[in-house]
J.: 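The following block contains the structure, expressed as structure tokens.
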Amino acid sequence: MSDRDPQPVERQLPTEEARDLLALVREIAQREIAPRAAEEEDAGRFPREVFALLSESGLLGLPYSAEYGGGDQPYEVYLQVLEELAAARLTVGLGVSVHTLASYALATYGTKQQQVEHLPAMLGGGLLGAYCLSEPSSGSDAASLRTKAVRDGDHWVIDGTKAWITHGGIADFYTVMARTGEDGPRGITAFLVPGDAPGLSGAAPEKKMGMKGSPTAQVHFDGVRVPDGRRVGEEGQGFSIALSALDSGRLGIAACAVGLAQAALDEAVRYATERRQFGRPVADFQGLRFMLADMATQIEAGRALYLAAARLRDAGRPFAKQAAMAKLHCTDTAMKVTTDAVQILGGYGYTADFPAERYMREAKVLQIVEGTNQIQRMVIARHVAGPEGR
């Protein structure tokens, strides 16, 4: 390795256990994930066996209690695991983030009995989760969702359609927000729905410009019966549960974005130090050197931002503003860095022979999922300047 090749990320980790954990994640990423990423993404293949391995390795429940099969890790550590996984393949990093998001409601708001009954399988039993909030006509305006759950004795009957669901149609469980009462946010309740429930079906996956290996699909609920014991939280509490989950989920997206950007920077550095023009590596030319410097700086800034928000969360302090800032900055950075990586590789960057074009296609969706970056700016502005229309 020359002194101009990509260097490993220097991480500040709180414990020796965390360092060992990151070493395990890097080993799995390098051995099991990265080598097949390009081929499987091109084929649109979801790596379910990788998620089984991650579950067996204790990596699907890291921020949750060890009492129920989790890893008892702070978000500061969990997010750096996501970053490493996303750098190897975004489908995997984002998939772990979504699974963690889907487990959040039960892990945080569930009763003791619900947690004992369901969490061990969700966190370490090989199951895969999905989070169902968005609908065909309610995305950013999530409080207007129309999927209904009607009480029938000691059960609820769910009817409606959810949209843009990561792992839609293949998940083993779905955390579903459904309307049980009045219009608006106060009439929404959360439910834990098994993936094999009669009446639940997934549509054909969306045909996307990137992340083709990660299935995104509508999920239909046609008279799905769910016992009241699978209602999570109180009736009408679902929207607040959903927003609380998204604060943490946005940190996961931020970490994935940094991982993707880091992979793009590493590819750009590798190419620029090997490609020679005018008798020397193109990395010697100031125009490219400045691009690489800007890319590296923005990645480090994003990493620092998501870790600062994670440490607030770990300390039990408010972090919603910082989570929105991290999601905004890190995903915008991923889009800029991956675009610049394509530019640095020139014509080769536009071909599928190199991963830069895939990174650029994948980065775009991160500016959209779990609250568009326009929504993040609205959230941040409310914290800074107060609510609109005062």
Side-chain angles (χ1 to χ4, degrees), residues 29 33-48 50-51 82-99 101 130-131 134 139 163-171 202-218 249-250 252-268 271 295 298-299 302 327-345 347-374 376:
I33 301 174
R36 300 193 295 271
E39 178 184 354
E40 293 190 347
E41 284 298 324
D42 186 55
R45 182 179 179 278
F46 181 69
R48 187 60 193 255
V50 168
F51 284 86
L82 280 188
E83 185 189 328
E84 292 281 349
L85 293 173
R89 184 177 178 186
L90 184 59
T91 284
V92 175
L94 188 71
V96 173
S97 181
V98 167
H99 176 83
L101 177 69
Y131 178 82
S134 293
W164 310 112
I165 306 304
T166 300
H167 306 152
I170 68 166
E206 306 288 351
K207 296 179 179 180
K208 301 175 297 185
M209 67 183 287
M211 289 195 68
K212 297 179 181 180
S214 175
T216 303
Q218 290 190 355
R250 285 164 181 163
I253 300 301
C256 287
V258 169
L260 182 65
Q262 185 69 56
L265 172 62
D266 290 347
E267 178 66 17
Y271 178 86
M295 293 159 74
Q298 291 304 304
I299 291 170
K327 199 272 183 183
L328 170 64
H329 175 84
C330 293
T331 60
D332 280 355
T333 289
M335 193 70 251
K336 180 65 164 63
V337 167
T338 55
T339 302
D340 285 349
V342 170
Q343 187 70 23
I344 287 171
L345 270 67
Y348 292 109
Y350 201 66
T351 71
D353 296 325
F354 292 81
E357 60 85 28
R358 171 166 61 88
Y359 295 154
M360 186 177 75
R361 289 186 288 105
E362 292 176 339
K364 185 61 204 175
V365 76
L366 298 176
Q367 295 178 302
I368 299 170
V369 297
E370 295 192 29
T372 67
N373 282 7
Q374 286 68 38
Q376 304 313 312

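Just so you know, these numbers use all the heavy atoms, side chains as well, and skip hydrogens, waters and symmetry mates. Because the structure is a prediction, the values reported are computed rather than measured.
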J.: Thinking salt bridges, do E41 and R89 make one under a 4.0 Å N-O criterion?
T.: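 R89 and E41: salt-bridged.
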
J.: Return the minimal non-hydrogen interatomic distance between C330 and G302, and the atom names on each side.
T.: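 So the two residues come closest at SG-O, 3.3 Å.
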
J.: Which residues pass the ring-ring contact (aromatic ring centres under 6.0 Å, His included) test with Y271, sequence neighbours left out?
T.: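 In terms of ring-ring contact (aromatic ring centres under 6.0 Å, His included), with neighbours along the sequence ignored, Y271 is linked to no residue.
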
J.: Can you measure from OG1 (T166) to CE (M211) and round to the nearest 0.5 angstrom?
T.: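 So the gap between those two atoms works out to 6.5 Å.
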
J.: Testing the basics here: between L82 and G252, what is the closest heavy-atom pair and its distance to 0.1 Å?
T.: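 Smallest interatomic distance, heavy atoms only, reads CD1-CA, 3.6 Å.
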
J.: M335 vs T331, test: side-chain contact (heavy atoms from CB on, under 4.5 Å). Steps then yes/no.
T.: CA-CA 6 Å; M335 193 70 251; T331 60; over 6 Å; no

J.: Hey, do the aromatic rings of F51 and H99 have their centres closer than 6.0 Å?
T.: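 Distance test on ring centres: not under 6.0 Å, no.
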
J.: Assess whether side-chain contact (heavy atoms from CB on, under 4.5 Å) is satisfied between I33 and R36, documenting all intermediate values.
T.: CA-CA 6 Å; I33 301 174; R36 300 193 295 271; over 6 Å; no

J.: Report yes if some heavy atom in the side chain of V98 is under 4.5 Å from a heavy atom in the side chain of H167; otherwise report no.
T.: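 Yes - at least one pair of side-chain heavy atoms lies under 4.5 Å apart.
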
J.: Tell me, please, which residues at least two apart from R45 pass salt bridge (charged side-chain N to carboxylate O under 4.0 Å, His left out).
T.: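 Applying salt bridge (charged side-chain N to carboxylate O under 4.0 Å, His left out) to R45 gives E40, E49.
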
J.: State, yes or no, whether a side-chain contact exists between P205 and T216 at a heavy-atom distance under 4.5 Å.
T.: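 Side chain of P205 against side chain of T216, heavy atoms only: no contact under 4.5 Å found.
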
J.: So do R361 and K208 actually touch side chain to side chain, heavy atoms under 4.5 Å?
T.: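 Heavy-atom side-chain distance check fails, nothing below 4.5 Å.
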
J.: Please examine the side chains of I170 and F46, heavy atoms only from C-beta on, and report whether any two atoms are closer than 4.5 Å.
T.: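 Touching, per the 4.5 Å side-chain cut-off.
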
J.: Testing the basics here: between S97 and C256, what is the closest heavy-atom pair and its distance to 0.1 Å?
T.: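 Shortest heavy-atom contact: CB-SG, 4.5 Å.
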
J.: Please find the pair of heavy atoms, one from A261 and one from A334, that lie closest to each other, and give the distance.
T.: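 Looks like CB-CA, 4.0 Å.
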
J.: Walk me through whether K336 and D340 qualify under salt bridge (charged side-chain N to carboxylate O under 4.0 Å, His left out).
T.: CA-CA 6 Å; K336 180 65 164 63; D340 285 349; 2.6 Å; yes

J.: For A356 versus L345, what's the shortest heavy-atom pair and its separation?
T.: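 Nearest pair, atom of A356 first, then L345: CB-CD2, 4.1 Å.
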
J.: Nearest 0.5 angstrom please: I253 CD1 to L328 CG, how far?
T.: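 Here the interatomic distance stands at 13.5 Å.
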
J.: Measuring only between side-chain heavy atoms, which start at C-beta, is Q367 closer than 4.5 Å to K364?
T.: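 A side-chain contact under 4.5 Å exists here.
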
J.: Calculate, to the nearest 0.5 Å, the distance between atoms NZ and CZ belonging to K212 and R358 respectively.
T.: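 That separation rounds to 11.0 Å.
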
J.: What closest approach, in Å, do A88 and A37 show between heavy atoms, and which atom pair accounts for it?
T.: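 Result for this residue pair: O-CB, 3.7 Å.
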
J.: Rounded to the nearest 0.5 Å, how far apart are OG1 of T333 and CD1 of I299?
T.: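 Between T333 OG1 and I299 CD1, I get 8.0 Å after rounding to 0.5 Å.
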
J.: Who passes ring-ring contact (aromatic ring centres under 6.0 Å, His included) against Y350, sequence neighbours left out?
T.: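 Y350: no ring-ring contact (aromatic ring centres under 6.0 Å, His included) contacts found.
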
J.: For a 4.5 angstrom cut-off between non-hydrogen side-chain atoms, does E362 reach T338?
T.: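 When only atoms from C-beta onward are counted, T338 and E362 do not touch, as no gap falls below 4.5 Å.
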
J.: Got a second to check how far E206's CD is from S214's OG, nearest 0.5 Å?
T.: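 OG of S214 is found 12.0 Å from CD of E206.
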
J.: Go through the steps for K327 and N373 under the test side-chain contact (heavy atoms from CB on, under 4.5 Å), then give the verdict.
T.: CA-CA 8 Å; K327 199 272 183 183; N373 282 7; 3.0 Å; yes

J.: How long is the gap from CE on M360 to CG on L260, to the nearest 0.5 Å?
T.: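 Output value for this atom pair is 11.5 Å.
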
